[in-house]
Number of protein chains: 2
Amino acid sequence: MYKKILQQHNISVTKQRVILLEILDKVQKPITIEEIRLHIKGDINVTTIYRSLKKLVDVGIIYQTDFRDGVSYFEFQGDNHHHHITCVECKSRDHIDICITDESLSIAEKKGYSVTNHIFELFGLCKECSKQS
Amino acid sequence: MYKKILQQHNISVTKQRVILLEILDKVQKPITIEEIRLHIKGDINVTTIYRSLKKLVDVGIIYQTDFRDGVSYFEFQGDNHHHHITCVECKSRDHIDICITDESLSIAEKKGYSVTNHIFELFGLCKECSKQS
DNA sequence: CAATAATTTGCAAATAATTTGCAAATATGT
DNA sequence: ACATATTTGCAAATTATTTGCAAATTATTG
């Protein structure tokens with residue numbers, strides 16, 4: 001299954017890439033490289049992880065984002081593309097099933113850009129943390 | 001003027017913060033800490049720059065974002081809030097005068113979050129770079 | 001306006017994420 | 001199966017960002 005995805009995007013099918021995809025598909029949320037490593041049975045070199053994920057992001061198979069804590073997060077979104085809202089206090093995170101508007105896309109296109117990728121993240125206070133402050 | 005802004009947000013008015021605001025207001029585009037340092041006549045300690053910018057971001061005076069090149073970018077947006085599209089090839093950058101939709105805000109609120117901040121960045125190919133590939 | 005409290009700064013050193021260069025291994029196309 | 005292109009692993013380097021602490025600056029209170 002993951003083999004197919006890689007082939008469809010015209011990149012080599014390697015053991016390491018398949019493993020990474022399996023992990024990301026299983027956890028279904030954005031995780032860091034450190035967390036990914038904990039899921040790997042056996043071992044994949046860190047450098048390889050960085051490079052493989054970069055490739056997967058470049059071809060659009062996975063979504064890379066950052067939540068402003070100094071680390072990159074990676075997520076396999078499959079058919080269910082979405083973004084997130086993160087509590088700046090407790091770091092809890094939830095999905096937001098909404099994305100770029102056609103309007104912003106067309107504005108970008110008018111400026112001569114073809115959009116291939118995006119980051120969209122909300123930050124705020126969750127219900128719990130709102131109470132406390 | 002910058003003094004007033006700082007006061008309105010209830011944070012101390014320091015020479016360093018005013019200088020940083022002046023710089024960001026002058027350049028009117030997202031710049032890195034390295035670039036900021038080039039604009040500083042005299043000297044502000046790097047640590048101070050990091051901490052001051054973080055504060056300015058926290059209170060919402062400036063916008064922090066990242067374009068996936070491993071560095072943070074900071075921008076004073078004043079009254080003219082906007083986002084960007086970045087060419088993944090030549091790194092050219094343009095404004096996108098569009099922001100979060102009310103719809104995504106209300107979805108977040110339904111989940112119990114009050115949104116205080118956001119990142120929204122588009123990536124793609126500019127006109128020039130599209131031709132070449 | 002002076003005195004005290006609270007916040008911020010500068011410095012040097014530490015931390016931690018990410019990248020590089022290169023040789024060996026693996027995948028792909030014919 | 002062969003030749004070519006791509007990817008991997010390793011060790012070491014790089015670089016952005018953070019920490020702890022004492023001194024300096026800013027805000028607050030009487």
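Numbers restart at 1 for each chain; the letters A, B, ... are given by sequence-line order, proteins then strands.
The separation between Asp66(B) atom CG and dT17(D) atom C1' is 14 Å, rounded to whole Å. Counting to the nearest Å, the C1' atom of dT7(D) and the CG atom of Leu53(A) are 14 Å from each other. Atom CG of Asp58(B) and atom P of dT8(C) are 11 Å apart (whole Å). Regarding Lys15(B), its NZ atom lies at a distance of 7 Å from the P atom of dT26(D), rounded to whole Å. Atom P of nucleotide dT18(C) and atom CZ of Arg68(B) are separated by 12 Å, given to the nearest angstrom. Atoms CG (Asn45(B)) and P (dT25(D)) sit 14 Å apart, rounded to a whole Å. The interatomic distance linking Gln7(B) (CD) with dT26(D) (C1') rounds to 11 Å, in whole Å. For Lys55(B) and dT7(C), the NZ to P distance is 8 Å, given to the nearest whole Å.
For the pair Thr47(B) and dT18(D), the criterion of a side-chain N or O lying under 4.0 Å from OP1 or OP2 is not met. Between dT18(D) and Tyr50(B), no contact under 4.0 Å exists linking OP1 or OP2 to a side-chain N or O. Side-chain N/O atoms of Gln16(B) include none lying less than 4.0 angstrom from OP1 or OP2 on dT25(D). At dT18(C), one or more side-chain N or O atoms of Ser72(A) fall inside 4.0 Å of OP1 or OP2 (strictly under the cut-off).
Contact annotation for Ser12(A): backbone-only contact, meaning every heavy-atom pair under 4.0 Å involves sugar-phosphate atoms and none involves a base. Among the atoms of the strands shown, only primed sugar atoms or phosphate atoms (P, OP1, OP2) are found under 4.0 Å from some heavy atom of Thr14(A). Arg51(B) comes within contact range of at least one nucleobase, with a heavy-atom separation under 4.0 Å.
With a 3.5 Å ceiling on both atom-pair distances, the Watson-Crick or G-U wobble partner of dA23(D) is dT8(C). With a 3.5 Å ceiling on both atom-pair distances, the Watson-Crick or G-U wobble partner of dA1(D) is dT30(C).
Counting only distance, with no hydrogens or angles, the side chain of Arg68(B) and the backbone of Gln64(A) share a donor-acceptor pair below 3.5 Å.
The residue from Phe123(B), Phe120(B), Phe67(B) that alone fulfils the side-chain contact (heavy atoms from CB on, under 4.5 Å) condition with Ile119(A) is Phe123(B).
In this structure, a donor-acceptor pair under 3.5 Å is absent between the side chains of Ser52(A) and Gln16(A). No side-chain N or O of His95(B) forms a donor-acceptor pair with one of Gln77(B) less than 3.5 Å apart.
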